[in-house]
Protein chains: 2
Amino acid sequence: MSTSESDPAVATRETILAAATALFGDLDYPGTSIRDIARAVDMLPGSIYAYIDSKEAILYTIVSTGIEQFVAAVESLDPATAPDERLEQAIRAHVDIVAENPQRALVVFHQWRYLGDESRAKVITARRRYEEFFRATIGEGIKTQAFRSDLDVRYATLTVLGALNWTPEWVHADDPASADSGRKLADILLAGLRPVDEDTP
Amino acid sequence: MSTSESDPAVATRETILAAATALFGDLDYPGTSIRDIARAVDMLPGSIYAYIDSKEAILYTIVSTGIEQFVAAVESLDPATAPDERLEQAIRAHVDIVAENPQRALVVFHQWRYLGDESRAKVITARRRYEEFFRATIGEGIKTQAFRSDLDVRYATLTVLGALNWTPEWVHADDPASADSGRKLADILLAGLRPVDEDTP
DNA sequence: CCTACCGATCGGTAGG
DNA sequence: CCTACCGATCGGTAGG
């Protein structure tokens, strides 16, 4: 029951998961073999199975804990905050999490496809919750007139999510400018949603 | 030298490429085997090699002709058109090409990673040209004051490209509404770039 | 386009 | 965490 950080088996498991995340991010799940992961952590291929159940279980752990991190970030935002400000906070939180580990973000948002049926269904549910936050926040912003009344919620959401899902391609890991990146991205995206006469202070 | 559409060998080659595009789009390049492709076109695995040189040559053909299609679309736009209008045309052209075959777009924009060094370098050059068109057009729009003077060209370009690269996830093949999708996407993206006082007619 | 096949590599396991 | 191994599958080829 003890899973403190000093548990060596847990530490080894974390090392394996971190190595797998980097490899999946570079070469994709089917392009990465258990032997590749073993080599990265200086083990023999069979030894990996002392720490994990299967190759797919590695992917599932990475993807499910990853998507939960994104969901938790937006769902912990204060719902009393004005929708446009809340959307900005969500965009910045997303960029921050991507900047922590862009390869992990790449795995989380693209490689759930390789999961088996049950695992994939669970992950898709979490992804939907994440997307739903953005859709709801944008919809709310239209109601409060923080955003343009003629805005199509579907397309506005797809634009924001598209820009966010592209961030792992250009955000650098541990980039000290990532806070700035989030702010600039939010600035442009929000400008596209705001009514003309309320754009600048 | 004759490569008319009635050449049966060319037709078979096209059939193989189309099947491979769909499979790569669904399961990725490393997740798709030559045997999968052969099954899809009702051949035995070895027979494929009468039409193509290697598995990687299939990917290279799909990706290079695909990216050229996107580049050609934007580079054929009239450079005399106002930058904001030209950007709208480019966004709509992008969505139209994605709608023709979303799986192909997925392969073109994500799976060039699996190419060998020389092939990958060629494709990256074409990708850069495509991105450069958007960067240059946005930069031009700032100069002509069609876009906000305080706009950061880098982030504006990344926002537009992100939204465009996400379209294969939601545009449906042969969607009759795809023209509408392009227009709505362009509308939101351009609103984010335009100055406040010139937004609506 | 088929038959028949190659060496390499895959995910995973038994038994310690 | 290692030794030793399994059956399955991989990309690709010779020879027709």
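Letters go in sequence order (proteins before strands), and every chain restarts at 1.
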Could you check whether any side-chain heavy atom of [X] comes within less than 4.5 Å of a side-chain heavy atom of [Y], counting everything from C-beta outward?
{"X": "Q103(A)", "Y": "F24(A)", "value": "no"}
{"X": "R113(A)", "Y": "Y29(A)", "value": "no"}
{"X": "V95(B)", "Y": "R183(B)", "value": "no"}

Provide, to the nearest angstrom, the distance between the [atom1] atom belonging to [X] and the [atom2] atom belonging to [N].
{"X": "I52(A)", "N": "dG11(C)", "atom1": "CD1", "atom2": "C1'", "result": "10 Å"}
{"X": "D36(A)", "N": "dC10(C)", "atom1": "CG", "atom2": "P", "result": "6 Å"}
{"X": "E56(A)", "N": "dC10(C)", "atom1": "CD", "atom2": "C1'", "result": "16 Å"}
{"X": "L44(A)", "N": "dC2(D)", "atom1": "CG", "atom2": "C1'", "result": "6 Å"}
{"X": "I16(A)", "N": "dG11(C)", "atom1": "CD1", "atom2": "P", "result": "14 Å"}
{"X": "I48(A)", "N": "dG11(C)", "atom1": "CD1", "atom2": "P", "result": "11 Å"}
{"X": "K55(B)", "N": "dC10(D)", "atom1": "NZ", "atom2": "P", "result": "9 Å"}
{"X": "R35(A)", "N": "dG11(C)", "atom1": "CZ", "atom2": "P", "result": "7 Å"}

On DNA chain C, does the nearest nucleotide to R39(A) precede the nearest nucleotide to D53(A) from the 5' side, or the other way round? Give the residue. R39(A)
Mapping P30(A) and T12(B) onto DNA chain C by nearest heavy atom, which one lands closer to the 5' end? T12(B)
So does I97(B) get a backbone contact from the side chain of Q69(B), meaning a donor-acceptor N/O pair under 3.5 Å? no
Looking at T157(A), is its backbone amide N or carbonyl O close enough to the side chain of R135(A) to form a donor-acceptor pair, meaning the two atoms are under 3.5 Å apart? no
Look at Y49(A) and dT13(C) and indicate whether a side-chain polar atom (N or O) is within less than 4.0 Å of OP1 or OP2. no
Report yes if a side-chain nitrogen or oxygen of S33(B) is closer than 4.0 Å to either non-bridging phosphate oxygen (OP1 or OP2) of dC10(D); otherwise report no. yes
For the rings on W170(A) and Y155(B), is their centre-to-centre separation under 6.0 Å? yes
Show me the dot-bracket string of DNA chain C, counting Watson-Crick or G-U pairs under 3.5 Å, with | for pairs to another strand and [ ] for crossing ones. ||||||||||||||||
What's the separation between atom CD in E169(A) and atom CG in L158(B), rounded to the nearest 0.5 Å? 10.5 Å
Nearest-neighbour nucleotide for the Y51(B) side chain, dC1(C), dC2(D), dG11(C) considered: dC1(C)
